2 protein chains.
Amino acid sequence: MTLDVRTMCLGALSEAEASGYELQKNFKEGPLAHFLEASYGSIYPALTRLTEEGLVTCSEQTQEGRPDKKVYSITPQGQDALEVALRALPAEDRFRSEFLFFMSFSELMDAGQVSRLIDDRINTVLGKQAILEESNREDLTPGQKFVLGYGHAMMKASLKYLQDNRHLVEVPQMRPAPAQKNNGITSPSLNQDQ
Amino acid sequence: MTLDVRTMCLGALSEAEASGYELQKNFKEGPLAHFLEASYGSIYPALTRLTEEGLVTCSEQTQEGRPDKKVYSITPQGQDALEVALRALPAEDRFRSEFLFFMSFSELMDAGQVSRLIDDRINTVLGKQAILEESNREDLTPGQKFVLGYGHAMMKASLKYLQDNRHLVEVPQMRPAPAQKNNGITSPSLNQDQ
DNA sequence: GCTTCCATGTAATAGGTTACATGATTTG
DNA sequence: CAAATCATGTAACCTATTACATGGAAGC
């Protein structure tokens with residue numbers, strides 16, 4: 001089984017009823033933001049399908065000063081389906097990083113580009129960290145807190161690694177360079193903790 | 001630009017010539033294993049396309065005792081294309097974790113399942129760590145070492161977090177209701193396989 | 001006045017996985 | 001003797017992204 005948008009929506013609706021628009025926002029800014037993401041183009045069809053299958057119901061709400069809203073709620077069958085799904089074994093994570101791919105070819109880039117890439121990366125991680133911190137409220141379930149903490153730990157580790165090891169790819173390689181002191185290239189061993 | 005299998009293959013071939021079969025193995029077991037993965041169904045068509053575009057060339061090699069092999073090498077145009085691609089801004093990481101999704105609903109699972117999930121996760125991370133350690137050879141480029149070290153740091157942080165915080169989801173939550181009867185509603189379950 | 005937020009949806013497209021099809025050889 | 005490894009490829013399928021289409025209200 002793969003974690004698809006349909007299951008993501010069902011899970012989110014088991015926490016609270018919401019519209020498609022709100023779901024997208026929750027994925028993007030909620031406590032699970034670091035590993036969930038979905039576009040409207042996948043959310044709306046998913047909700048239609050869940051409704052057809054009887055796992056959620058929809059009630060249209062007219063609002064003043066705002067567009068109409070379709071609020072979806074989970075049904076008992078939906079809750080059941082979610083709990084059944086939760087008994088299976090989770091599939092492996094899907095992680096694909098263009099940043100790391102680029103970095104693995106740092107010798108093919110000039111120093112400026114490499115540094116820029118790392119700076120950008122640090123900034124995006126800081127941004128994501130801020131999002132997680134904002135969504136850390138008291139009303140989160142233990143599970144959500146656990147997951148949020150996990151994301152936070154990963155980002156902290158990421159920042160630390162980038163800061164501590166950027167010199168490995170920023171030190172100009174094979175240059176007929178003049179005397180540059182401080183050639184502190186530490187052997188990039190895997191197990192360097194401190 | 002998105003990191004597609006075609007670009008992954010081109011990058012790998014810029015390091016060394018290889019067959020499609022070898023590329024898959026390299027993705028799965030090499031120093032970039034933690035964020036690259038591709039099936040044969042995507043690699044072989046990608047190689048065909050790269051050849052058509054003149055970015056790689058192919059030479060068939062007959063082997064004794066083994067099936068014939070198609071060894072692909074990068075062309076100057078291919079090397080050029082790779083370096084051009086490297087000047088762009090990398091797209092955001094794609095990360096989707098079914099494990100974390102499950103954990104965020106830990107209250108809906110029984111304690112045994114939660115513990116099993118965490119144990120399994122620890123074991124898979126340990127397995128991936130072993131793969132990375134095995135691929136840590138001296139002939140890696142600085143970029144590859146940097147990326148491999150990054151993966152290693154992430155896994156270490158992951159293990160530490162799991163071990164230090166599993167109690168957050170393993171402590172039994174105050175459940176009001178004792179016996180939940182299992183009503184056998186044949187609900188249209190989510191992706192029931194097996 | 002421009003941009004962002006609210007709000008829903010469809011269609012074209014891209015990109016990938018899984019299963020299928022084939023088959024010799026080596027390892028346990 | 002069964003399983004894994006080596007080796008390539010296609011076809012059916014699935015899922016998700018992007019762009020398109022629409023439009024009022026609120027904030028800057």
Side-chain angles (χ1 to χ4, degrees), chain A residues 1-10 17-29 35-53 56 58-72 91-98 101, chain B residues 1-10 13 17-29 35-53 56 58-72 91-98 101 190-194:
Chain A
M1 193 223 316
T2 316
L3 178 53
D4 52 17
V5 173
R6 189 166 138 274
T7 313
M8 278 165 54
C9 289
L10 188 64
E17 57 171 36
S19 65
Y21 184 83
E22 287 162 349
L23 285 176
Q24 206 268 350
K25 214 179 143 193
N26 289 171
F27 292 143
K28 207 160 99 187
E29 294 165 22
F35 70 97
L36 290 186
E37 206 181 327
S39 60
Y40 295 122
S42 59
I43 290 173
Y44 288 118
L47 289 171
T48 306
R49 216 184 120 191
L50 285 168
T51 307
E52 283 164 6
E53 293 168 339
V56 307
C58 171
S59 79
E60 261 151 291
Q61 289 181 7
T62 42
Q63 302 180 118
E64 21 177 339
R66 292 191 180 287
D68 290 1
K69 213 193 217 184
K70 284 190 177 181
V71 177
Y72 293 87
E92 289 245 312
D93 291 358
R94 296 237 159 275
F95 177 45
R96 192 167 278 186
S97 173
E98 196 162 331
F101 180 77
Chain B
M1 193 226 316
T2 317
L3 180 52
D4 52 17
V5 174
R6 190 167 138 272
T7 313
M8 278 165 54
C9 290
L10 188 64
L13 293 176
E17 56 172 36
S19 65
Y21 185 82
E22 288 163 347
L23 285 175
Q24 206 268 351
K25 215 180 142 194
N26 289 170
F27 292 144
K28 207 160 99 188
E29 294 165 23
F35 70 98
L36 290 186
E37 206 181 328
S39 60
Y40 294 122
S42 59
I43 290 173
Y44 288 118
L47 289 171
T48 305
R49 216 184 120 191
L50 284 169
T51 307
E52 283 164 5
E53 293 169 339
V56 306
C58 171
S59 78
E60 262 150 292
Q61 288 179 8
T62 42
Q63 301 179 119
E64 21 177 340
R66 297 198 172 282
D68 289 1
K69 213 193 215 184
K70 284 190 177 182
V71 176
Y72 293 87
E92 289 245 314
D93 290 356
R94 297 236 158 275
F95 176 45
R96 192 168 278 185
S97 174
E98 197 164 329
F101 180 77
L190 294 183
N191 318 306
Q192 74 284 24
D193 34 355
Q194 292 145 6

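As the structure is a computational prediction, the values presented were derived from the model and not from experiment. In what follows, chains are A, B, ... by sequence order, proteins preceding strands, each numbered from 1.
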Asks: Could you check how far CD1 of Ile43(B) sits from C1' of dT8(D), rounded to whole Å?
Replies: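 Taking CD1 of Ile43(B) and C1' of dT8(D), I get 12 Å after rounding.
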Asks: Separation of Glu92(B) atom CD from dT17(D) atom C1', in whole Å?
Replies: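 Atom-to-atom, Glu92(B) to dT17(D), this comes out as 15 Å.
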Asks: Among Leu47(A), Leu10(A), Leu23(A), Leu50(A), find the one that has a side chain to side chain contact (heavy atoms under 4.5 Å, CB included) with Tyr72(A).
Replies: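 Single side chain to side chain contact (heavy atoms under 4.5 Å, CB included) partner of Tyr72(A) among Leu47(A), Leu10(A), Leu23(A), Leu50(A): Leu47(A).
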Asks: Any idea how Phe95(A) and Phe95(B) line up, ring-wise: parallel (<30°), tilted (30 to 60°), or perpendicular (>60°)?
Replies: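 Perpendicular: the ring planes of Phe95(A) and Phe95(B) meet at over 60°.
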Asks: What is the distance, to the nearest angstrom, from the CG atom on Asp4(B) to the C1' atom on dT18(D)?
Replies: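 Asp4(B) atom CG is separated from dT18(D) atom C1' by 16 Å.
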Asks: Are Lys28(A) and Lys25(A) side-chain neighbours, meaning at least one heavy-atom pair lies under 4.5 Å?
Replies: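 No, their side chains stay 4.5 Å or more apart.
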Asks: Tell me: CZ of Phe27(B) to C1' of dT17(C), nearest whole Å?
Replies: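 The distance from CZ of Phe27(B) to C1' of dT17(C) comes to 16 Å, rounded to the nearest Å.
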Asks: Tell me whether the side-chain N/O atoms of Arg96(B) come closer than 4.0 Å to OP1 or OP2 in dA16(D).
Replies: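 For dA16(D), OP1/OP2 do have a side-chain N/O of Arg96(B) under 4.0 Å.
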Asks: Across the strands shown, which category fits Arg94(B) at heavy-atom distances under 4.0 angstrom: base, sugar-phosphate, nothing?
Replies: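 If one applies the 4.0 Å heavy-atom cut-off, Arg94(B) turns out to touch nothing in the nucleic acid.
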Asks: Mind checking the OG-CD spacing from Ser19(B) to Gln24(B)? Nearest 0.5 Å is all I need.
Replies: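 Here the rounded value is 10.5 Å.
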Asks: When the distance from CD of Gln24(B) to P of dG9(D) is rounded to whole Å, what number comes out?
Replies: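 Taking CD of Gln24(B) and P of dG9(D), I get 15 Å after rounding.
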Asks: Do side-chain atoms of Glu98(B) reach the backbone of Leu3(A) as a donor and acceptor pair under 3.5 angstrom?
Replies: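 A pair under 3.5 Å: yes.
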Asks: To the nearest 10 degrees, what angle separates the axes at the start and end of the helix from dG1(C)-dC28(D) to dG28(C)-dC1(D), five pairs each?
Replies: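 For the helix from dG1(C)-dC28(D) to dG28(C)-dC1(D), the axes at opposite ends meet at about 60°.
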Asks: Expressed as a whole number of angstroms, how long is the span from Lys28(B):NZ to dA4(D):P?
Replies: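 Rounding to the nearest Å, NZ of Lys28(B) and P of dA4(D) are 12 Å apart.
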Asks: Atom CZ of Arg94(A) and atom OG of Ser97(B): how far apart are they, to the nearest 0.5 Å?
Replies: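 Reported to 0.5 Å precision, the distance equals 11.5 Å.
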Asks: Between protein and nucleotides 2-8 of chain C, map the contacts as a letter string: B base, S sugar-phosphate only, - none, heavy atoms under 4.0 Å, written 5' to 3'.
Replies: ---SBBB
Asks: Between atom CZ in Arg49(A) and atom P in dT10(C), what is the gap in whole Å?
Replies: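 Taking CZ of Arg49(A) and P of dT10(C), I get 15 Å after rounding.
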Asks: Is there side-chain contact between Thr7(A) and Phe101(B), with at least one heavy-atom pair below 4.5 Å?
Replies: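 Result yes, sub-4.5 Å side-chain heavy-atom pair found.
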Asks: Please determine if a side-chain N or O atom of Ser39(B) lies less than 4.0 Å away from the OP1 or OP2 oxygen of dT17(C).
Replies: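 For dT17(C), OP1/OP2 do have a side-chain N/O of Ser39(B) under 4.0 Å.
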Asks: Please report the distance, rounded to the nearest Å, between CZ in Arg6(B) and P in dA14(C).
Replies: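 It works out to 12 Å between those atoms.
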Asks: Surrounding CD of Glu53(B) (heavy atoms of other residues, nucleotides or ligands, distance under 6.0 Å), is the total greater than 12?
Replies: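 For Glu53(B), atom CD is crowded (more than 12 foreign heavy atoms under 6.0 Å).
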Asks: Hey, does the side chain of Glu37(A) reach the backbone of Phe27(A) with a donor-acceptor pair shorter than 3.5 angstrom?
Replies: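 The answer is no, because no donor-acceptor pair under 3.5 Å joins these two groups.
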